[in-house]
Amino acid sequence: MNQDLLMQLKGVSKTYVMGEIRVEALKESSLDIYRGEILVILGPSGSGKSTLLNLIGGMDRPSNGDIVYKNRHLSQASDQQLTQFRRHEIGFVFQFYNLISDLTAEENVALAAELVKNPLPTREVLSQVGLEQRRDHFPSQLSGGEQQRVSIARAMVKNPTLLLCDEPTGALDFQTGISILQLLKQTRDTMGSTVIIVTHNTAIGAMADRLVRMRSGEIAEIIVNESPLPPERIEW
Ligand code: ADP
Ligand code: MG
């Protein structure tokens with residue numbers, strides 16, 4: 001496995017305070033993230049997976065602890081620096097796609113391309129995700145799997161260092177889910193992106209280079225997988 005360290009989380013915690021109630025969504029967690037790996041974060045609902053992913057992606061700030069990305073301390077970054085980090089280094093993929101409904105597939109991807117200095121060509125990326133024929137369709141005219149392909153294209157067009165996926169197959173049927181996992185692996189294989197997949201689906205853990213198990217806001221276990229399965233061999 002590639003051992004080029006990209007990001008370090010050191011004793012990171014996140015507490016949400018709502019009036020009298022404090023939720024310790026993430027407790028003193030440490031994790032190293034390597035360039036080009038497929039990391040699967042597994043755990044039941046409410047175990048802190050999305051909280052962890054949002055901290056990695058600069059969508060949120062830790063209550064305590066340090067996050068270091070390529071020698072930059074994200075935990076001390078200004079709002080503007082954090083925005084730049086998200087814009088240039090991160091691609092996000094969500095369970096329910098989060099596409100803009102009155103833009104076509106191509107326009108959704110082109111809009112993301114405008115955010116960065118050196119985007120990949122929009123049409124090329126659309127063809128990589130198998131959607132060149134559907135580029136003029138609006139999200140409502142596409143199936144769930146096709147919409148997820150658009151959202152992956154939207155993330156890929158920025159050529160991000162980190163591709164962060166929160167339950168990317170959660171709304172899809174089995175076959176479509178597998179094809180999306182294949183596309184994520186292909187993105188790592190061809191572009192060298194680090195891919196982090198958050199899921200409650202244990203079976204998906206089999207494709208990971210490393211598996212992080214979450215339990216009640218804590219990293220319970222980090223497992224190195226010596227022989228990750230190709231997505232087409234996963235079943236659930
Ligand atoms: P998972 O993604 O594993 O389902 P989350 O990270 O979303 O878990 O949530 C972990 C815990 O933190 C849950 O108890 C959840 O209700 C709580 N939580 C998450 N986000 C917020 C928030 N913005 N405000 C308050 N509580 C939150
Ligand atoms: Mg979640």
Side-chain angles (χ1 to χ4, degrees), residues 7-33 37-67 69 74-75 77 79 82-83 85-86 90-99 144-145 147-148 151-152 154-155 160 162-174 176-178 180-181 183-184 194-223 225 231 234 236:
M7 184 182 257
Q8 276 188 300
L9 284 78
K10 301 177 183 177
V12 170
S13 59
K14 180 72 190 180
T15 305
Y16 294 107
V17 182
M18 298 165 293
E20 306 274 275
I21 302 166
R22 294 164 56 87
V23 179
E24 287 191 68
L26 191 68
K27 300 166 197 165
E28 281 215 31
S29 299
S30 297
L31 177 65
D32 292 345
I33 298 167
E37 72 173 331
I38 296 179
L39 191 71
V40 173
I41 300 174
L42 196 63
S45 174
S47 60
K49 306 183 297 296
S50 295
T51 300
L52 178 60
L53 197 71
N54 291 342
L55 291 170
I56 292 169
M59 304 247 282
D60 212 346
R61 290 169 185 281
S63 309
N64 268 301
D66 199 10
I67 301 179
Y69 178 78
L74 288 186
S75 17
D79 286 349
L82 213 53
T83 302
F85 166 74
R86 280 197 308 273
I90 304 290
F92 264 105
V93 173
F94 301 97
Q95 179 172 2
F96 297 108
Y97 332 122
N98 293 12
L99 299 174
Q147 290 182 64
Q148 194 59 302
S151 96
I152 292 172
R154 177 184 57 186
L162 274 160
L163 186 56
L164 306 182
C165 314
D166 197 345
E167 304 277 5
T169 63
L172 304 174
D173 64 75
F174 168 71
T176 310
I178 293 293
I180 290 299
L181 296 174
L183 183 57
L184 293 175
T194 300
V195 175
I196 304 185
I197 301 170
V198 156
T199 180
H200 64 275
N201 184 342
T202 317
I204 294 175
M207 71 178 281
D209 294 316
R210 287 193 310 147
L211 181 64
V212 175
R213 281 186 189 279
M214 304 279 305
R215 197 179 300 143
S216 310
E218 287 181 292
I219 294 180
E221 211 179 357
I222 301 174
I223 300 162
N225 187 359
I234 294 175
W236 67 78

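Just follow the structure's listing: the first ligand is 1, and inside any ligand the first atom is 1.
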Verdict with reasoning, M214 to L26, per side-chain contact (heavy atoms from CB on, under 4.5 Å)
CA-CA 9 Å; M214 304 279 305; L26 191 68; 3.7 Å; yes
Report the C-alpha distance between I178 and W236 in whole Å, list the side-chain angles of each, state the deciding distance to 0.1 Å, and finish with yes or no for side-chain contact (heavy atoms from CB on, under 4.5 Å).
CA-CA 10 Å; I178 293 293; W236 67 78; 3.7 Å; yes
Mind running side-chain contact (heavy atoms from CB on, under 4.5 Å) on V93 and L163 for me, showing each step along the way?
CA-CA 8 Å; V93 173; L163 186 56; 4.2 Å; yes
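In this structure, atom 15 (C) of ligand 1 has its sub-4.0 angstrom surroundings free of protein heavy atoms. Proximity of atom 1 (P) of ligand 1 to the protein is indicated by at least one non-hydrogen atom lying closer than 4.0 angstrom.
Within the structure, the closest approach of P44 to ligand 1 falls below 4.0 Å when heavy atoms are considered. Heavy atoms of G43 stay at 4.0 angstrom or farther from ligand 1.
Considering L211, V198, T199 as possible partners of I204, the one that fulfils the side chain to side chain contact (heavy atoms under 4.5 Å, CB included) test is T199.
In this structure, atom 19 (C) of ligand 1 lies nearest to the protein heavy atom Y16 CE1, 3.6 Å. When hydrogens are left out, the protein atom nearest atom 5 (P) of ligand 1 is T51 OG1, 3.7 Å; that is the closest non-hydrogen contact. The closest protein non-hydrogen atom to atom 7 (O) of ligand 1 is S50 CB, 3.7 Å. Ranking protein heavy atoms by distance to atom 3 (O) of ligand 1, first place goes to K49 NZ, 2.8 Å. Here the protein heavy atom with the shortest distance to atom 8 (O) of ligand 1 is G48 N, 3.2 Å. Protein heavy atom at the shortest distance from atom 12 (O) of ligand 1 is A25 CB, 3.3 Å.
Considering backbone and side-chain atoms alike, V23 places every N or O at 3.5 Å or more from each N or O of ligand 1. Between M18 and ligand 1, not a single N/O pair is under 3.5 Å apart.
One distance of note links CZ of F96 with CD of E167; it measures 9.0 Å at 0.5 Å rounding.
Between the Mg ion (ligand 2) and S45 there is no N/O/S contact shorter than 2.8 Å.
Side-chain atoms of S75 come within 3.5 Å of backbone N or O of I67 as a donor-acceptor pair. Here the side chain of N225 pairs a donor or acceptor atom with the backbone of A208 at under 3.5 angstrom.
A heavy-atom distance below 4.5 Å is not found between the side chains of Y69 and I90. Contact of the L181 side chain with the I197 side chain is registered, since non-hydrogen atoms from C-beta on lie closer than 4.5 Å.
Of the listed options G46, S47, S45, G46 places a heavy atom closest to atom 13 (C) of ligand 1.
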